[in-house]
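Okay, so here's the structure we're looking at.
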There are 6 protein chains.
Amino acid sequence: MSQRIVVINPNSTVAVTRGMDAALAPLRLAGGPAIESLTLPEGPPGIETEEHVAAVVAPLCRLIGREEPEADAFVIACFSDPGLHAARERTGKPVFGIMEAGLTAALNLGAGVGIVAILDRSIPRHRRAYRAMGIDARIAGELALGIPVIELADERRTFARMLEVGAALRDAHGADVLVLGCAGMAQYRERLQDELRVPVIDPTQAAVGMALAAVRIGFRRRAR
Amino acid sequence: MSQRIVVINPNSTVAVTRGMDAALAPLRLAGGPAIESLTLPEGPPGIETEEHVAAVVAPLCRLIGREEPEADAFVIACFSDPGLHAARERTGKPVFGIMEAGLTAALNLGAGVGIVAILDRSIPRHRRAYRAMGIDARIAGELALGIPVIELADERRTFARMLEVGAALRDAHGADVLVLGCAGMAQYRERLQDELRVPVIDPTQAAVGMALAAVRIGFRRRAR
Amino acid sequence: MSQRIVVINPNSTVAVTRGMDAALAPLRLAGGPAIESLTLPEGPPGIETEEHVAAVVAPLCRLIGREEPEADAFVIACFSDPGLHAARERTGKPVFGIMEAGLTAALNLGAGVGIVAILDRSIPRHRRAYRAMGIDARIAGELALGIPVIELADERRTFARMLEVGAALRDAHGADVLVLGCAGMAQYRERLQDELRVPVIDPTQAAVGMALAAVRIGFRRRAR
Amino acid sequence: MSQRIVVINPNSTVAVTRGMDAALAPLRLAGGPAIESLTLPEGPPGIETEEHVAAVVAPLCRLIGREEPEADAFVIACFSDPGLHAARERTGKPVFGIMEAGLTAALNLGAGVGIVAILDRSIPRHRRAYRAMGIDARIAGELALGIPVIELADERRTFARMLEVGAALRDAHGADVLVLGCAGMAQYRERLQDELRVPVIDPTQAAVGMALAAVRIGFRRRAR
Amino acid sequence: MSQRIVVINPNSTVAVTRGMDAALAPLRLAGGPAIESLTLPEGPPGIETEEHVAAVVAPLCRLIGREEPEADAFVIACFSDPGLHAARERTGKPVFGIMEAGLTAALNLGAGVGIVAILDRSIPRHRRAYRAMGIDARIAGELALGIPVIELADERRTFARMLEVGAALRDAHGADVLVLGCAGMAQYRERLQDELRVPVIDPTQAAVGMALAAVRIGFRRRAR
Amino acid sequence: MSQRIVVINPNSTVAVTRGMDAALAPLRLAGGPAIESLTLPEGPPGIETEEHVAAVVAPLCRLIGREEPEADAFVIACFSDPGLHAARERTGKPVFGIMEAGLTAALNLGAGVGIVAILDRSIPRHRRAYRAMGIDARIAGELALGIPVIELADERRTFARMLEVGAALRDAHGADVLVLGCAGMAQYRERLQDELRVPVIDPTQAAVGMALAAVRIGFRRRAR
């Protein structure tokens, strides 16, 4: 019987879903699980505040509830991992958050992890999460692009700034593996990796990779 | 062009290689990378001491050197992760150690990680490694089977003892995900998971799962 | 001009609000700020799951937005600190969460902090929070009452169980200060402190005490 | 029956006592505890060395012993928290140290705590204390004014330097809450907070605020 | 020119000084530094409280000041390391505290350090110190003899209890090296080591051993 | 009966052995243990990679096995501590690694430890080791000389660079004690200490100093 991984973009911007979905192509294998990317229509256009993080939890859990009978694993594709623990209460099937999965994957690819954030103001939230995960000793640093969201559409400028920030994380902070701190930057991953010569992780790819393995191996979580 | 993951059992016991290889079947997908399990003929029959850990590094690196032109990722399949960092100096392709991969995968499946070790005397070595990885805050506990290696062949007794140790980790230490602290116990994983009702991770499966994703996504490490 | 602290019970059970409010009497001082306890009508009857925690954030922030012109500080009176960081984005006035305030107050009253939880399943969520706060080195232990919520109304039995759990935290875990891990147990605080002979902290009282000081001193947070 | 908080300046400089006492005015409330600031005549003019820290313990404890029958809580008003644990052995009433109270209060007002020290040579002593408290993960940085004590009297220069150091802590170290690392700088607190637009904590105010709450709530510590 | 290590027993009990001095015989080598044990006459008979710890600092520093011209290194022989940092301000010559030296020596002899304390009430003080030292991750456990000081003179009973406590640290807490948490138990060290079959460290011996090396090598600290 | 400490240079460069041996002269005392420095002929000329670290373990353990009947303690004189834990399995006599001993000695001489490394690429390996040791909270920083090994023979240039790196560790990283991160730099130690005015530790001297004390005191480790 065929298997299926459901990837949920908890913001309502379909273009973001499409971008991340395109980056999942290499993980779609004959005989492997289907990978389906859904947009959360109730989500905000982008998740930028603590309120946004909380606001998507209820519709996200409802969506997971609806999809559960036909799903073998879930990926929550926002770097704040909104609703990750709520989803794990809702379903006994594996649920991956892209921050958690991206960072734990990074621990296998380098000694010091650098994170490329979008917004400065997310950094304290992220740092709380790294401590909560118990992996903060491995974080080399985090820097934000500091580009207004509206200007992220300018790909040349965005990439130039990513290069700058990535190089600073590598050279001044000692990072030897980078994680993109956002679900919507997959298109830059490979080029950035080529230029900076350290592994660059798109966290959605990393999380779906983990989900693929989990589904094939057969991990099961149970409510205790 | 086809991709290939090389899994190396650094001990010379072919039966162990066969056992772990059988457990990798679900990760062999049409269109996905070939997964090939090799035995290190120069290794000892089992890796039980610090000297064993060191002794396999040179032949392991030579093997990796020989295989490298035809390989896209490597997995070192011994829970002491022998030669992991040496191998990463030798090749820029991703190298996964099953301890590192098994534990970092576990961080995505539970809050407190319990480890089922074979020998009591390995535990201090493991604990040094958990601290070195910077994830020791997430380790709930580790307990050894305490069965002489020769008696591990008695599968009934071994499984009974695994159940006992797993239940103690879950109930007295608060673990809600278990990792098998050895490459050769994959055949018990699913039954243990069913009985204990927490996810049980065979670290070789977890590492090969990560390698599969890494190969498909295209992570590249470069010597700096 | 008079000052005002707004204490918000994010569950909708008015009896809980009343109970916590009664315990705030000693902090109502002539010339000091008014202390007003509000119930969040949109909240669930009790906050028991991760979904509940997220669900109250939006109405809580709206309530804070409405009250802000007339408030000098806020207290979120649920031991999961729901919406604490969202509220701090919403307002530049001090916002206290009772978990954070109760635990940081405890650091001033003892060497090892013991927490009396209601439900076993909250403990992993709490432990993530203690790590996120960066104070987990000071947590001696946490134990749950393990009484079905419906039976908490039996005060004799509840108190007997609190005594048992508190004594275990003190004697087996080495706690020398206890924090009640719930907003609704203030009525037991003093008796428990008398019986166990260690300081016992009701976290709502502790948080309102901090808010009182913050308002009088004039701490101001600003969005950066 | 009326309550009373005794604040002890462990140095013998009455002007310092007066300065800190003036800053306590907002915490003196009708119906609230009396707050009385005492100078330790046996103390040195300023506490600048490890020997000074130790030297004040005996007279401090004697003073606490004499005041105890008429006191409900004590505050030791020196940022080295001299005699804090000794005082807690002497009396079962709450004793607050201004470093411990100032920093734990700060944990409620920001993500990363910056400390404005007077002297460079105090910083290693402070860092030992932050580790001993188990909160060092939350310290963003500490910088000293580096002004000879004699020149601290020049308020213009001192404030200018505080601004400089505070801005560096905020901008280069990522602090979003500041603690004044000294009992004698209360007069600058509000202006500094206004200029830097992050909460600035005078630790004596913070400690007396905690004592006020503790006295009103009725925390009791008992010798075990 | 001959070298000299000054070992100071900061309590006034000459019998303790004699006992520790006898244990230093193996470190007195022809051509090596003289090792002289002094009693601090101003000290209390035993250092049991935080007040005692502070009270000895001033006379200890005076003694160090007097001895400094003729000394090459100092050892403060009390497991609370009283005045250690004050002494380091007083003199640029190496000063060793027996807790710090005993524990750091232990890190070279085992994976998990167990401490045999005299009194239960010292344990929170010790734990603060282990955190301040930044080595608490290596402490396996600490247990107190729980024998009234007056009864310590009964050597049979004391040794029996040390065996019991040492075995519990080894077997239940996983310690594989033990440190005697007191300057006055050297006479039991060797027997305890023989019986328990793990290294047992008398901290005064360890500190004098470090001082011997420091003096011979020529380490110099300078007041900054 | 006379005692003997065996110091093993695990690389095969006899000039390095001679250099380190010369620095041990002050620890050779009449009546004290003989200190003998051996070169491992099977070692590489220098230990620069993870493979080198592993490759020396077997011959090192064989050498220790041969010397054991006539030795009372061993020192492994390479800053990567190759084979340290393997050697401790092989013999119950004390075995010191110069990294472990040098750093734990440093904890007694300063608050923040700075390490002068030879090669940049060793730093991630070292940092893993510091975490594994559980002392990373005390590491102020590590900087590499960045001089090609072949050019280390230019003593003027090497010393000038050591001064530069040492001053940066002291001034920008806050180190107040330095450890030379290599077995072959003893000849610079004293001059560096004089110039930088902080203690500078040659780790081989520190380890042999600890071994001297251990032998004289009579520490014994036993296989468990």
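Bear in mind that the values here come from a model prediction, so they are computed numbers and not experimental data. The sequence lines fix the lettering, A, B, ..., with proteins before strands; numbering per chain opens at 1.
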>> Tell me whether the rings of F:Tyr188 and F:Phe159 are parallel (<30°), tilted (30 to 60°) or perpendicular (>60°).
In response: parallel
>> For a side chain to side chain contact (heavy atoms under 4.5 Å, CB included) check, start with the C-alpha distance between F:Val56 and F:Ile47, then their side-chain angles and the critical distance, and finish with the verdict.
In response: CA-CA 9 Å; F:Val56 301; F:Ile47 293 183; 4.0 Å; yes
>> Are F:Phe79 and F:Pro203 packed together at the side-chain level, in the sense that at least one heavy-atom pair is separated by less than 4.5 angstrom?
In response: yes
> Between CZ of B:Arg18 and CG of B:Asn9, what distance do you get to the nearest 0.5 Å?
Replying inline: 11.5 Å
> Looking only at heavy atoms, which of residues 33-44 of chain F get nearer than 4.5 Å to chain B?
Replying inline: none
> Please walk me through it: do B:Arg121 and B:Glu48 pass salt bridge (charged side-chain N to carboxylate O under 4.0 Å, His left out)?
Replying inline: CA-CA 9 Å; B:Arg121 72 177 180 211; B:Glu48 295 180 10; 3.4 Å; yes
>> Only pairs of heavy atoms separated by less than 4.5 Å count here; which of F:Met133, F:His52, F:His85 has the most with chain B?
In response: F:His85
>> Looking only at heavy atoms and a cut-off of under 4.5 Å, which of F:Pro82, F:Ala86, F:Ala87, F:Ala55 has the most pairs with chain B?
In response: F:Ala86
>> Counting only non-hydrogen atoms closer than 4.5 Å, does F:Arg127 touch chain B with its backbone (N, CA, C, O), its side chain (CB onward), both, or neither?
In response: neither
>> Do the side chains of F:Glu51 and B:Arg90 get close enough for a salt bridge, i.e. N-O under 4.0 angstrom?
In response: yes
> Between F:Ala117 and F:Glu142, which heavy-atom pair has the shortest distance, and what is it?
Replying inline: CB-OE2, 3.3 Å
